[in-house]
Enquirer: 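Got a structure here, written out as C-alpha coordinates. Questions coming.
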Amino acid sequence: MKRKTGQDRTITSTWKPATQAIRGGTARSEWGETSEALFLTSGYAYDCAGDAAARFAGEQAGMTYSRLQNPTVQMLEERIALLEGAEACRTMASGMAAMTAALLCQLQAGDHLVGGRAAFGSCRWLTDTLLPKFGIATTVVDARDPQAFVDALKPETKVFFFETPANPTMDVVDLAAVCAIARERGIVTVVDNAFATPALQRPMDFGADVVAYSATKMMDGQGRVLAGAVCGSQDWIDNTLLPFTRNTGPTLSPFNAWVVLKGLETLDLRIRRQSENAVKVGTFLEGRVPRVIHPGLPSHPQHELAMRQMAAAGAIFALELDGGREQAHGLLDGLELVDISNNIGDSRSLMTHPASTTHAGVSAEVRETMGIGEGMLRLNVGLEDPDDVIADLDQALRRVGL
(Lines give C-alpha, C1' and ligand atoms only; values in the text may rest on other atoms or scores of the structure.)
Protein backbone atom coordinates (compact mmCIF):
# COMPACT_ATOMS: atom_id res chain seq x y z
CA MET A 1 0.00 0.00 0.00
CA LYS A 2 1.30 3.46 -0.92
CA ARG A 3 1.73 6.20 1.66
CA LYS A 4 -1.59 7.95 0.99
CA THR A 5 -3.67 5.03 -0.31
CA GLY A 6 -5.53 4.60 2.98
CA GLN A 7 -6.81 8.19 2.72
CA ASP A 8 -8.03 7.86 -0.88
CA ARG A 9 -11.78 7.22 -0.80
CA THR A 10 -11.84 6.32 -4.50
CA ILE A 11 -9.80 3.27 -3.50
CA THR A 12 -10.77 2.52 0.09
CA SER A 13 -14.52 2.70 -0.57
CA THR A 14 -14.15 -0.32 -2.87
CA TRP A 15 -12.56 -2.45 -0.13
CA LYS A 16 -14.50 -4.94 1.93
CA PRO A 17 -15.07 -4.04 5.63
CA ALA A 18 -12.36 -6.42 6.87
CA THR A 19 -9.79 -4.61 4.72
CA GLN A 20 -11.10 -1.18 5.70
CA ALA A 21 -10.73 -2.12 9.38
CA ILE A 22 -7.05 -2.91 8.88
CA ARG A 23 -5.92 -0.30 6.36
CA GLY A 24 -8.60 2.36 6.03
CA GLY A 25 -7.52 5.86 7.00
CA THR A 26 -3.82 4.99 7.24
CA ALA A 27 -1.47 7.81 6.21
CA ARG A 28 2.20 6.86 6.43
CA SER A 29 4.88 9.39 7.22
CA GLU A 30 8.07 9.74 5.21
CA TRP A 31 9.55 6.95 7.36
CA GLY A 32 7.25 4.32 5.83
CA GLU A 33 6.03 2.74 9.10
CA THR A 34 3.59 -0.17 8.78
CA SER A 35 1.72 0.53 12.04
CA GLU A 36 0.00 3.90 12.27
CA ALA A 37 2.22 6.58 13.74
CA LEU A 38 1.40 8.14 17.09
CA PHE A 39 1.62 11.95 16.91
CA LEU A 40 1.94 13.25 20.45
CA THR A 41 1.80 16.98 19.81
CA SER A 42 -0.52 19.74 20.94
CA GLY A 43 0.36 22.20 18.20
CA TYR A 44 2.03 22.57 14.80
CA ALA A 45 4.67 24.86 13.31
CA TYR A 46 4.45 26.78 10.04
CA ASP A 47 7.12 27.72 7.52
CA CYS A 48 5.83 31.28 7.41
CA ALA A 49 3.17 33.53 8.94
CA GLY A 50 1.21 33.43 5.69
CA ASP A 51 0.83 29.66 5.98
CA ALA A 52 -0.56 30.01 9.49
CA ALA A 53 -3.05 32.63 8.34
CA ALA A 54 -4.08 30.54 5.34
CA ARG A 55 -4.70 27.45 7.45
CA PHE A 56 -6.82 29.33 9.96
CA ALA A 57 -8.76 30.88 7.09
CA GLY A 58 -9.40 27.43 5.65
CA GLU A 59 -7.50 28.27 2.49
CA GLN A 60 -4.63 25.82 3.02
CA ALA A 61 -4.78 22.17 4.03
CA GLY A 62 -2.89 21.21 7.17
CA MET A 63 -2.98 20.98 10.94
CA THR A 64 -3.41 23.95 13.28
CA TYR A 65 -4.04 22.62 16.79
CA SER A 66 -4.74 19.17 18.20
CA ARG A 67 -8.08 20.28 19.60
CA LEU A 68 -9.11 20.46 15.92
CA GLN A 69 -6.85 18.08 14.01
CA ASN A 70 -4.21 15.49 14.76
CA PRO A 71 -2.79 13.00 12.24
CA THR A 72 -3.40 9.96 14.45
CA VAL A 73 -6.93 11.07 15.34
CA GLN A 74 -7.66 11.87 11.71
CA MET A 75 -6.69 8.32 10.69
CA LEU A 76 -9.14 6.91 13.23
CA GLU A 77 -11.92 9.22 12.06
CA GLU A 78 -11.47 8.15 8.45
CA ARG A 79 -11.42 4.48 9.38
CA ILE A 80 -14.63 4.70 11.43
CA ALA A 81 -16.34 6.68 8.66
CA LEU A 82 -15.40 3.99 6.13
CA LEU A 83 -16.72 1.20 8.32
CA GLU A 84 -19.92 3.14 9.01
CA GLY A 85 -20.50 4.04 5.37
CA ALA A 86 -20.52 7.70 6.37
CA GLU A 87 -19.05 10.69 4.59
CA ALA A 88 -17.28 11.93 7.71
CA CYS A 89 -16.60 11.27 11.38
CA ARG A 90 -15.37 13.26 14.35
CA THR A 91 -14.06 11.54 17.46
CA MET A 92 -14.52 12.62 21.07
CA ALA A 93 -12.95 12.02 24.47
CA SER A 94 -15.69 9.58 25.53
CA GLY A 95 -18.98 8.09 24.45
CA MET A 96 -20.94 10.58 26.52
CA ALA A 97 -18.98 13.46 25.00
CA ALA A 98 -20.08 12.12 21.62
CA MET A 99 -23.74 11.85 22.63
CA THR A 100 -23.75 15.31 24.21
CA ALA A 101 -22.09 16.93 21.20
CA ALA A 102 -24.37 15.16 18.72
CA LEU A 103 -27.42 16.66 20.44
CA LEU A 104 -26.31 20.09 21.66
CA CYS A 105 -24.67 21.02 18.35
CA GLN A 106 -28.05 21.05 16.61
CA LEU A 107 -30.61 21.95 19.31
CA GLN A 108 -31.50 25.28 20.85
CA ALA A 109 -34.09 26.77 23.19
CA GLY A 110 -37.58 26.14 21.88
CA ASP A 111 -36.69 22.92 20.06
CA HIS A 112 -38.16 19.51 20.87
CA LEU A 113 -36.52 16.07 20.95
CA VAL A 114 -38.17 12.64 20.98
CA GLY A 115 -36.01 10.04 22.73
CA GLY A 116 -36.22 6.32 23.36
CA ARG A 117 -37.15 5.41 26.93
CA ALA A 118 -34.67 2.52 27.12
CA ALA A 119 -31.21 4.04 27.17
CA PHE A 120 -27.95 4.23 29.07
CA GLY A 121 -28.46 6.09 32.34
CA SER A 122 -26.35 9.10 31.33
CA CYS A 123 -28.20 9.36 28.01
CA ARG A 124 -31.48 9.55 29.91
CA TRP A 125 -29.89 12.28 32.07
CA LEU A 126 -29.16 14.20 28.87
CA THR A 127 -32.74 14.01 27.65
CA ASP A 128 -34.49 14.30 31.02
CA THR A 129 -32.26 16.79 32.87
CA LEU A 130 -29.67 18.60 30.76
CA LEU A 131 -31.63 19.52 27.63
CA PRO A 132 -34.59 21.01 29.55
CA LYS A 133 -32.13 23.30 31.38
CA PHE A 134 -31.46 24.93 28.00
CA GLY A 135 -35.13 25.23 27.10
CA ILE A 136 -35.15 22.13 24.91
CA ALA A 137 -38.28 20.08 25.51
CA THR A 138 -38.06 16.29 25.42
CA THR A 139 -40.60 13.51 25.11
CA VAL A 140 -39.60 9.97 26.00
CA VAL A 141 -41.36 7.14 24.13
CA ASP A 142 -41.29 3.38 23.82
CA ALA A 143 -39.00 3.30 20.78
CA ARG A 144 -40.04 -0.24 19.92
CA ASP A 145 -43.25 1.25 18.53
CA PRO A 146 -42.65 3.52 15.50
CA GLN A 147 -46.11 5.03 15.96
CA ALA A 148 -44.98 6.35 19.34
CA PHE A 149 -42.61 8.74 17.52
CA VAL A 150 -45.48 9.97 15.36
CA ASP A 151 -47.72 10.47 18.38
CA ALA A 152 -45.00 12.50 20.15
CA LEU A 153 -44.40 14.90 17.27
CA LYS A 154 -44.67 18.63 17.74
CA PRO A 155 -44.14 21.43 15.21
CA GLU A 156 -40.82 22.18 16.90
CA THR A 157 -39.52 18.57 16.88
CA LYS A 158 -35.97 18.58 15.51
CA VAL A 159 -34.34 15.29 16.60
CA PHE A 160 -35.14 11.62 17.22
CA PHE A 161 -32.56 10.03 19.57
CA PHE A 162 -32.48 6.34 20.47
CA GLU A 163 -30.33 3.24 21.01
CA THR A 164 -30.75 -0.12 19.32
CA PRO A 165 -30.22 -2.56 20.92
CA ALA A 166 -30.83 -0.48 24.04
CA ASN A 167 -28.85 -0.57 27.26
CA PRO A 168 -29.62 -2.72 29.24
CA THR A 169 -33.10 -3.91 28.26
CA MET A 170 -32.10 -4.92 24.71
CA ASP A 171 -35.08 -3.15 23.15
CA VAL A 172 -34.74 -3.18 19.36
CA VAL A 173 -35.89 -0.22 17.27
CA ASP A 174 -37.18 -0.62 13.71
CA LEU A 175 -34.55 1.57 12.09
CA ALA A 176 -36.12 1.76 8.64
CA ALA A 177 -39.56 2.68 9.97
CA VAL A 178 -38.43 5.32 12.48
CA CYS A 179 -35.90 6.89 10.12
CA ALA A 180 -38.54 7.10 7.39
CA ILE A 181 -40.88 8.94 9.76
CA ALA A 182 -38.10 11.41 10.51
CA ARG A 183 -37.01 11.89 6.90
CA GLU A 184 -40.55 12.68 5.76
CA ARG A 185 -40.68 15.52 8.28
CA GLY A 186 -37.13 16.88 8.08
CA ILE A 187 -36.21 15.55 11.51
CA VAL A 188 -32.63 14.42 12.23
CA THR A 189 -32.21 10.88 13.58
CA VAL A 190 -29.33 10.31 16.00
CA VAL A 191 -28.71 6.62 16.68
CA ASP A 192 -26.51 5.27 19.47
CA ASN A 193 -25.04 2.15 17.84
CA ALA A 194 -22.51 1.24 20.54
CA PHE A 195 -23.86 -2.25 21.28
CA ALA A 196 -23.76 -3.34 17.63
CA THR A 197 -20.94 -1.30 16.06
CA PRO A 198 -20.74 -0.99 12.26
CA ALA A 199 -19.48 -4.58 12.14
CA LEU A 200 -23.00 -5.81 12.97
CA GLN A 201 -25.31 -2.92 12.07
CA ARG A 202 -25.03 0.25 10.01
CA PRO A 203 -27.96 2.55 10.85
CA MET A 204 -27.24 4.82 7.89
CA ASP A 205 -28.11 1.92 5.59
CA PHE A 206 -31.63 2.22 7.05
CA GLY A 207 -31.85 6.00 6.70
CA ALA A 208 -30.26 7.34 9.89
CA ASP A 209 -28.64 10.78 9.63
CA VAL A 210 -26.18 10.63 12.53
CA VAL A 211 -24.63 7.62 14.28
CA ALA A 212 -22.90 8.07 17.64
CA TYR A 213 -20.63 5.71 19.57
CA SER A 214 -18.94 5.01 22.77
CA ALA A 215 -15.81 3.67 21.07
CA THR A 216 -14.69 2.68 24.56
CA LYS A 217 -16.86 -0.37 24.09
CA MET A 218 -16.44 -2.87 21.25
CA MET A 219 -14.26 -0.61 19.08
CA ASP A 220 -11.44 -0.62 21.62
CA GLY A 221 -12.90 -3.80 22.99
CA GLN A 222 -10.24 -4.58 25.56
CA GLY A 223 -11.04 -2.22 28.41
CA ARG A 224 -8.11 0.13 27.81
CA VAL A 225 -9.19 3.66 26.87
CA LEU A 226 -12.16 6.01 26.64
CA ALA A 227 -13.28 7.28 23.23
CA GLY A 228 -16.36 8.41 21.36
CA ALA A 229 -17.30 9.06 17.75
CA VAL A 230 -20.02 10.81 15.74
CA CYS A 231 -20.63 10.00 12.06
CA GLY A 232 -22.70 11.93 9.53
CA SER A 233 -22.67 13.71 6.21
CA GLN A 234 -19.67 15.90 5.40
CA ASP A 235 -21.90 18.98 5.47
CA TRP A 236 -23.43 18.11 8.87
CA ILE A 237 -20.05 17.28 10.41
CA ASP A 238 -18.36 20.42 9.08
CA ASN A 239 -21.13 22.95 9.56
CA THR A 240 -23.17 21.64 12.51
CA LEU A 241 -20.95 19.44 14.69
CA LEU A 242 -17.49 20.95 14.14
CA PRO A 243 -18.31 24.52 15.26
CA PHE A 244 -19.57 23.05 18.55
CA THR A 245 -16.62 20.75 19.18
CA ARG A 246 -14.06 23.33 18.01
CA ASN A 247 -15.19 25.73 20.68
CA THR A 248 -16.08 23.34 23.51
CA GLY A 249 -13.15 20.94 23.19
CA PRO A 250 -14.34 17.34 23.85
CA THR A 251 -11.14 16.24 22.14
CA LEU A 252 -9.87 12.67 21.80
CA SER A 253 -6.20 12.24 22.70
CA PRO A 254 -3.84 10.90 20.03
CA PHE A 255 -2.83 7.98 22.24
CA ASN A 256 -6.42 6.89 22.79
CA ALA A 257 -7.07 7.25 19.06
CA TRP A 258 -4.08 5.00 18.34
CA VAL A 259 -5.35 2.35 20.77
CA VAL A 260 -8.80 2.34 19.14
CA LEU A 261 -7.17 2.07 15.70
CA LYS A 262 -5.53 -1.12 16.92
CA GLY A 263 -8.84 -2.32 18.36
CA LEU A 264 -10.64 -1.84 15.05
CA GLU A 265 -8.22 -4.25 13.37
CA THR A 266 -9.83 -7.14 15.25
CA LEU A 267 -13.36 -5.74 15.75
CA ASP A 268 -15.09 -8.02 13.26
CA LEU A 269 -13.37 -11.15 14.58
CA ARG A 270 -14.05 -10.26 18.22
CA ILE A 271 -17.66 -9.19 18.00
CA ARG A 272 -18.73 -12.16 15.90
CA ARG A 273 -17.08 -14.65 18.22
CA GLN A 274 -18.49 -12.87 21.26
CA SER A 275 -21.94 -12.94 19.66
CA GLU A 276 -21.65 -16.69 19.17
CA ASN A 277 -20.51 -17.10 22.75
CA ALA A 278 -23.36 -14.93 24.02
CA VAL A 279 -25.99 -17.03 22.26
CA LYS A 280 -24.50 -20.17 23.78
CA VAL A 281 -24.41 -18.67 27.27
CA GLY A 282 -27.89 -17.22 26.85
CA THR A 283 -29.28 -20.58 25.75
CA PHE A 284 -27.88 -22.14 28.93
CA LEU A 285 -29.37 -19.41 31.12
CA GLU A 286 -32.83 -19.76 29.57
CA GLY A 287 -33.23 -23.01 31.41
CA ARG A 288 -32.09 -21.59 34.75
CA VAL A 289 -33.43 -18.07 35.23
CA PRO A 290 -36.91 -16.56 34.84
CA ARG A 291 -36.02 -14.47 31.79
CA VAL A 292 -33.14 -13.95 29.37
CA ILE A 293 -33.29 -10.95 27.02
CA HIS A 294 -31.01 -11.38 24.00
CA PRO A 295 -31.98 -10.43 20.43
CA GLY A 296 -30.11 -13.50 19.18
CA LEU A 297 -32.49 -15.87 20.97
CA PRO A 298 -35.86 -16.76 19.40
CA SER A 299 -37.47 -15.94 22.76
CA HIS A 300 -36.72 -12.25 22.28
CA PRO A 301 -39.96 -10.53 21.17
CA GLN A 302 -38.11 -8.66 18.41
CA HIS A 303 -35.81 -11.48 17.34
CA GLU A 304 -36.85 -11.41 13.69
CA LEU A 305 -36.46 -7.63 13.44
CA ALA A 306 -33.04 -7.77 15.09
CA MET A 307 -31.85 -10.45 12.68
CA ARG A 308 -33.05 -8.39 9.71
CA GLN A 309 -31.08 -5.34 10.89
CA MET A 310 -28.03 -7.00 12.42
CA ALA A 311 -25.43 -9.42 11.10
CA ALA A 312 -25.31 -10.99 14.58
CA ALA A 313 -26.97 -10.15 17.88
CA GLY A 314 -23.94 -8.94 19.82
CA ALA A 315 -22.11 -9.80 23.02
CA ILE A 316 -24.41 -8.18 25.57
CA PHE A 317 -27.71 -9.22 27.06
CA ALA A 318 -29.82 -9.00 30.20
CA LEU A 319 -31.35 -11.55 32.52
CA GLU A 320 -33.93 -11.20 35.26
CA LEU A 321 -34.17 -12.89 38.64
CA ASP A 322 -37.28 -13.00 40.81
CA GLY A 323 -35.35 -12.38 44.04
CA GLY A 324 -34.68 -8.69 43.44
CA ARG A 325 -31.48 -6.88 44.37
CA GLU A 326 -30.53 -9.32 47.11
CA GLN A 327 -30.52 -12.32 44.79
CA ALA A 328 -28.90 -10.37 41.96
CA HIS A 329 -26.08 -9.15 44.20
CA GLY A 330 -25.73 -12.67 45.61
CA LEU A 331 -25.19 -14.06 42.12
CA LEU A 332 -22.59 -11.39 41.38
CA ASP A 333 -20.77 -12.11 44.63
CA GLY A 334 -20.68 -15.80 43.76
CA LEU A 335 -18.85 -15.30 40.46
CA GLU A 336 -15.28 -16.58 40.28
CA LEU A 337 -14.36 -16.08 36.59
CA VAL A 338 -16.73 -13.38 35.34
CA ASP A 339 -15.84 -9.91 36.64
CA ILE A 340 -18.28 -7.63 38.43
CA SER A 341 -17.90 -4.50 36.32
CA ASN A 342 -20.14 -1.82 34.85
CA ASN A 343 -18.26 -1.72 31.53
CA ILE A 344 -19.33 -3.48 28.33
CA GLY A 345 -17.71 -4.39 25.04
CA ASP A 346 -14.65 -5.87 26.73
CA SER A 347 -12.98 -9.10 25.61
CA ARG A 348 -13.52 -10.30 29.19
CA SER A 349 -16.90 -11.43 30.46
CA LEU A 350 -18.39 -8.80 32.76
CA MET A 351 -21.63 -8.63 34.71
CA THR A 352 -23.32 -5.75 36.50
CA HIS A 353 -26.51 -4.82 38.32
CA PRO A 354 -27.82 -1.81 36.34
CA ALA A 355 -30.22 -0.54 39.02
CA SER A 356 -27.34 0.03 41.44
CA THR A 357 -24.61 1.02 38.93
CA THR A 358 -25.15 2.27 35.36
CA HIS A 359 -28.71 3.45 36.06
CA ALA A 360 -28.36 4.34 39.74
CA GLY A 361 -28.72 8.01 38.84
CA VAL A 362 -32.14 7.36 37.33
CA SER A 363 -35.06 7.40 39.73
CA ALA A 364 -36.74 4.12 40.65
CA GLU A 365 -39.92 5.33 38.96
CA VAL A 366 -38.12 6.03 35.69
CA ARG A 367 -36.22 2.75 35.88
CA GLU A 368 -39.54 0.97 36.17
CA THR A 369 -40.85 2.65 33.01
CA MET A 370 -37.61 1.66 31.27
CA GLY A 371 -38.07 -1.98 32.25
CA ILE A 372 -35.09 -2.09 34.61
CA GLY A 373 -36.03 -4.02 37.73
CA GLU A 374 -34.05 -4.77 40.87
CA GLY A 375 -33.58 -8.34 39.69
CA MET A 376 -32.07 -7.41 36.32
CA LEU A 377 -28.43 -8.19 35.53
CA ARG A 378 -26.51 -7.25 32.39
CA LEU A 379 -23.92 -9.64 31.02
CA ASN A 380 -21.14 -8.87 28.55
CA VAL A 381 -19.93 -12.21 27.21
CA GLY A 382 -16.24 -12.14 26.37
CA LEU A 383 -13.77 -14.21 24.40
CA GLU A 384 -13.19 -16.86 27.03
CA ASP A 385 -14.32 -20.38 26.22
CA PRO A 386 -18.10 -20.15 26.70
CA ASP A 387 -18.11 -23.44 28.58
CA ASP A 388 -15.96 -21.84 31.28
CA VAL A 389 -18.32 -18.87 31.49
CA ILE A 390 -21.29 -21.25 31.74
CA ALA A 391 -19.58 -23.26 34.47
CA ASP A 392 -18.96 -20.10 36.48
CA LEU A 393 -22.55 -18.93 36.08
CA ASP A 394 -23.79 -22.39 36.99
CA GLN A 395 -21.99 -22.46 40.33
CA ALA A 396 -22.98 -18.86 41.11
CA LEU A 397 -26.62 -19.61 40.31
CA ARG A 398 -26.57 -22.62 42.61
CA ARG A 399 -25.34 -20.40 45.43
CA VAL A 400 -28.51 -18.31 45.16
CA GLY A 401 -30.82 -21.28 44.84
CA LEU A 402 -31.17 -21.42 41.06
Enquirer: Hey, does the side chain of Glu78 reach the backbone of Gln7 with a donor-acceptor pair shorter than 3.5 angstrom?
Expert: no

Enquirer: Minimum heavy-atom separation for Ala118 and Met370, please, with both atom names.
Expert: CA-CE, 4.3 Å

Enquirer: Please determine, by modelled atom types, if Asn70 and Gln74 share a side-chain donor-acceptor pair under 3.5 angstrom.
Expert: no

Enquirer: Could you tell me whether His294 and His300 have their ring centroids closer than 6.0 angstrom?
Expert: no

Enquirer: Locate the shortest heavy-atom distance separating Ala45 from Arg55; write the atom from each residue and the value.
Expert: O-NH1, 4.4 Å

Enquirer: Could you check whether Lys280 pairs with Asp387 (Lys NZ or Arg NE/NH1/NH2 to Asp/Glu carboxylate O, under 4.0 Å)?
Expert: yes

Enquirer: Does any non-hydrogen side-chain atom of Asp192 lie less than 4.5 Å from one of Cys123?
Expert: yes

Enquirer: Is it true that atom CH2 of Trp236 has more than 12 heavy atoms of other residues, nucleotides or ligands lying nearer than 6.0 Å?
Expert: yes

Enquirer: Which atoms form the tightest heavy-atom contact between Ile80 and Cys231, and what is the distance?
Expert: CG2-SG, 3.7 Å

Enquirer: Would you find a donor on one side and an acceptor on the other, under 3.5 Å apart, between the side chain of Gln201 and the backbone of Thr164?
Expert: yes

Enquirer: Mark yes or no for whether Asn193, through its side chain, and Ala196, through its backbone, hold a donor-acceptor pair below 3.5 Å.
Expert: no

Enquirer: Side chains of Arg378 and His353, heavy atoms from C-beta outward: is any pair under 4.5 Å?
Expert: no

Enquirer: Side chains of Gln69 and Thr64: donor-acceptor distance under 3.5 Å anywhere?
Expert: yes

Enquirer: Would you tell me whether Thr189 and Asp209 have side-chain atoms, one donor and one acceptor, within less than 3.5 Å of each other?
Expert: yes

Enquirer: side-chain contact (heavy atoms from CB on, under 4.5 Å) for Leu104 and Leu131? Distances and angles first, verdict last.
Expert: CA-CA 8 Å; Leu104 285 182; Leu131 294 184; 3.7 Å; yes

Enquirer: Salt-bridged, Arg272 to Asp268, with N to O below 4.0 Å?
Expert: yes

Enquirer: So, the side chain of Asn167 versus the backbone of Ala119: is there a donor-acceptor pair under 3.5 Å, distance only?
Expert: no

Enquirer: Between Lys217 and Asp346, does any NZ, NE, NH1 or NH2 come within less than 4.0 Å of an OD or OE carboxylate oxygen?
Expert: no

Enquirer: Should we say atom CZ of Arg273 is surrounded by more than 12 heavy atoms from elsewhere, each under 6.0 Å from it?
Expert: no

Enquirer: If you measure only the distance, is there a donor-acceptor pair under 3.5 Å linking the side chains of Thr352 and Thr357?
Expert: yes

Enquirer: Is it the case that the side chains of Ser29 and Glu33 hold a donor-acceptor pair, with the cut-off being a distance below 3.5 Å and no angle test?
Expert: yes

Enquirer: Do you see a donor-acceptor pair shorter than 3.5 Å between the side chains of Thr139 and His112?
Expert: yes

Enquirer: When you compare the side chain of Met351 with that of Leu335, does any pair of heavy atoms fall below 4.5 Å?
Expert: yes

Enquirer: Do the charged groups of Arg288 and Asp394 touch, with an N to O distance under 4.0 Å?
Expert: yes

Enquirer: Taking the side chain as everything from C-beta on, heavy atoms only, tell me whether Arg124 gets closer than 4.5 Å to Thr129.
Expert: no

Enquirer: Using modelled atom types and a 3.5 Å cut-off, is there a donor and acceptor pairing between side-chain atoms of Arg185 and backbone atoms of Thr157?
Expert: no

Enquirer: Heavy-atom count check: over 12 atoms from other residues, nucleotides or ligands less than 6.0 Å from Arg23 CZ?
Expert: no

Enquirer: Quick one: do the Ser233 and Asp235 side chains pair a donor with an acceptor below 3.5 Å?
Expert: no

Enquirer: May I ask you to test the Val381-Phe317 pair for a side-chain heavy-atom distance under 4.5 Å?
Expert: yes

Enquirer: Any heavy-atom pair between the side chains of Lys262 and Val259 that's under 4.5 Å?
Expert: no

Enquirer: In a check of side-chain contact (heavy atoms from CB on, under 4.5 Å) between Glu374 and each of Glu368, Glu326, Arg367, which one passes?
Expert: Arg367

Enquirer: Looking at Ser253 and Asn256, would you say the former's side chain and the latter's main chain have a donor-acceptor pair under 3.5 Å?
Expert: yes

Enquirer: Using modelled atom types and a 3.5 Å cut-off, is there a donor and acceptor pairing between side-chain atoms of Thr100 and backbone atoms of Ala97?
Expert: no

Enquirer: Any chance CD of Gln60 has more than 12 other-residue heavy atoms, nucleotides or ligands included, within less than 6.0 Å?
Expert: yes

Enquirer: Going by the angle between their ring planes, with limits at 30° and 60°, are Phe160 and Phe149 parallel, tilted or perpendicular?
Expert: tilted

Enquirer: Hey, does the side chain of Glu163 reach the backbone of Phe120 with a donor-acceptor pair shorter than 3.5 angstrom?
Expert: yes

Enquirer: Calculate, to the nearest 0.5 Å, the distance between atoms CZ and CE belonging to Phe39 and Met75 respectively.
Expert: 6.0 Å

Enquirer: Could you check if a side-chain atom of Val338 sits within less than 4.5 angstrom of a side-chain atom of Glu384, using non-hydrogen atoms only?
Expert: no

Enquirer: Is Glu156 atom CD crowded by more than 12 heavy atoms from other residues, nucleotides or ligands, each under 6.0 Å away?
Expert: yes

Enquirer: Checking side-chain polar atoms at under 3.5 Å, does Asn343 have a donor or acceptor matched by the opposite partner on Ser341?
Expert: no

Enquirer: Are Glu265 and Arg270 ion-paired here, with the side-chain N under 4.0 Å from a carboxylate O?
Expert: no

Enquirer: Glu84 and Tyr213: side-chain donor and acceptor closer than 3.5 Å?
Expert: yes

Enquirer: Any side-chain heavy atom of Leu261 sitting closer than 4.5 Å to one from Arg79?
Expert: yes

Enquirer: Less than 4.0 Å between a side-chain N and a carboxylate O, is that true for Arg291 and Glu286?
Expert: no

Enquirer: Please test Glu77 against Thr91 for side-chain hydrogen bond (donor to acceptor under 3.5 Å, both in side chains), starting from the C-alpha separation and ending with a verdict.
Expert: CA-CA 6 Å; Glu77 291 171 343; Thr91 53; 3.1 Å; yes

Enquirer: Using a distance-only test with no angle check, is there a side-chain donor-acceptor pair under 3.5 angstrom linking Gln327 and Asp322?
Expert: no

Enquirer: Can any side-chain N or O of Asn380 pair as donor or acceptor with the backbone N or O of Ile316 at less than 3.5 Å?
Expert: no

Enquirer: Should we say atom CG of Asp385 is surrounded by more than 12 heavy atoms from elsewhere, each under 6.0 Å from it?
Expert: yes

Enquirer: If we ignore hydrogens and angles and just use 3.5 Å, is the side chain of Gln20 paired with the main-chain N or O of Gly25 as donor and acceptor?
Expert: no

Enquirer: Are any of the side-chain nitrogens in Arg28 or Glu36 under 4.0 Å away from the carboxylate oxygens of its partner?
Expert: no

